[in-house]
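These numbers come from the heavy atoms of this one structure, side chains and all, not from hydrogens, waters or symmetry mates.
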Amino acid sequence: MLEDFIKTIVKNRKVYYLWLGDSYAIFISKIFYLSENYRELPIVYYWDEAAKAEACKVEDWIEGEVKSLSLEEFIGNCFEMHNETMIAGINFNTDLSVGEEAVPMDVVKQLVAEIERTHTPVSFKGFFDSLADVKKTANEIMPDIEEEEEPNN
């Protein structure tokens, strides 16, 4: 699911979310929590199509407004979510039973890989100067873990 989401938003250069008056549509994670106090983490929901976001305007979110972010803005939002200790909710359905929860830096790293793979042009305004800057910052926050070679016996 995350892989398809990444490919679609890089291709379309846009991601969708629900805006509820003064904040994003947010719910509580069933998977991610802070280990020191077992506090469940908030999830900010994103969709790769406006129609999917529109379909989620039910119950507490019925008054929500479907809005969009550019690919570059979404990458910036992922860093903000990381700083706020939040999770990205990916393409959830209307009753939030199907979808994927993802760590924002995992999303950023997969976006960077897809942007590089597809040679998608990006232009950052503000915090980042380039895609290389995004990649460097993401790796500083969450270094890739490389497998250690097994010692020869």
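- Defined by atom type and a distance below 3.5 Å, a donor-acceptor pair is missing between the side-chain atoms of Asp48 and Asn12.
- Side-chain atoms of Tyr46 and Ile9, non-hydrogen and from C-beta on, never get closer than 4.5 Å to each other.
- In this pair, Phe27 and Tyr45 present their aromatic rings tilted. The plane angle is within the 30 to 60° band.
- Put simply, CD on Glu80 and CD on Glu73 are 10.5 Å apart, with the number rounded to the nearest 0.5 Å.
- Donor-acceptor pairing under 3.5 Å is recorded for the side chains of Asn77 and Tyr24.
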*Should Asn139 and Lys109 be marked as a side chain to side chain contact (heavy atoms under 4.5 Å, CB included) after you check the CA-CA gap, both sets of side-chain angles, and the distance that decides it?*
CA-CA 8 Å; Asn139 283 325; Lys109 287 182 175 195; 3.0 Å; yes
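- Separation of atoms CE (Met105) and CG (Leu111) is listed at 10.0 Å; rounding is to 0.5 Å.
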*asked:* Test side chain to side chain contact (heavy atoms under 4.5 Å, CB included) on Cys56 and Trp47; report intermediate values, then the result.
replied: CA-CA 10 Å; Cys56 290; Trp47 294 269; 3.6 Å; yes
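- Residues Phe128 and Phe79 place their aromatic rings such that the two centres sit under 6.0 Å apart.
- Within 6.0 Å of atom NZ in Lys57, more than 12 heavy atoms from other residues, nucleotides or ligands are found, so the atom counts as buried in its surroundings.
- Nearest approach of Asp22 to Trp19, heavy atoms of both residues: C-CZ2, 3.4 Å.
- In this structure, Arg13 pairs ionically with Glu72, as a charged nitrogen and a carboxylate oxygen lie closer than 4.0 Å.
- No more than 12 heavy atoms of other residues, nucleotides or ligands lie within 6.0 Å of CD in Glu84, so this atom counts as exposed by the packing criterion.
- At a threshold of 4.5 Å between side-chain heavy atoms, the hydrophobic network of Ile, Leu, Val, Met, Phe, Trp and Tyr places Ile28 and Met81 in two separate groups.
- Across every non-hydrogen atom of Val107 and Ala102, the tightest pair is CG2-CB, 3.6 Å.
- Criterion: ILVMFWY side-chain heavy atoms under 4.5 Å apart, direct or through other members. Under it, Met1 and Val15 are not part of a common hydrophobic cluster.
- Linking ILVMFWY residues whenever their side-chain heavy atoms come closer than 4.5 Å, directly or via other members, places Ile141 and Ile87 in the same cluster.
- Here the closest non-hydrogen pair linking Pro104 and Cys78 is CB-O, 3.2 Å.
- Tested against Phe32 for a side chain to side chain contact (heavy atoms under 4.5 Å, CB included), the candidates Arg39, Glu101, Glu40 yield a single pass: Glu101.
- Considering only heavy atoms from C-beta on, Phe124 comes within 4.5 Å of Val134 through its side chain.
- The closest side-chain heavy-atom distance from Ile75 to Ile115 is below 4.5 Å.
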*Going through the distances and angles, do Tyr17 and Leu69 end up as a side chain to side chain contact (heavy atoms under 4.5 Å, CB included)?*
CA-CA 8 Å; Tyr17 62 96; Leu69 294 170; 3.5 Å; yes
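- Atom NZ of Lys135 is surrounded by 12 or fewer heavy atoms from other residues, nucleotides or ligands within 6.0 Å.
- Summarising the geometry, atom CZ belonging to Arg117 is positioned 11.5 Å from atom CD1 belonging to Ile6; distances are rounded to the nearest 0.5 Å.
- More than 12 heavy atoms of other residues, nucleotides or ligands sit less than 6.0 Å from atom CD of Glu140.
- In this structure, OG in Ser123 is found 10.5 Å from CG in Asp129, a value given to the nearest 0.5 Å.
- Between Ile26 atom CD1 and Met86 atom CE the span is 3.5 Å, to the nearest 0.5 Å.
- Residue Leu18 comes nearest to Ala53 through the heavy atom pair CD2-O, 3.7 Å, listed as atom of the first residue, atom of the second, then distance.
- The line from CD1 of Ile90 to CZ of Phe5 is 4.0 Å long, rounded to the nearest 0.5 Å.
- In terms of hydrophobic clustering, with Ile, Leu, Val, Met, Phe, Trp and Tyr side chains grouped at heavy-atom distances under 4.5 Å, Val58 and Tyr16 are assigned to different clusters.
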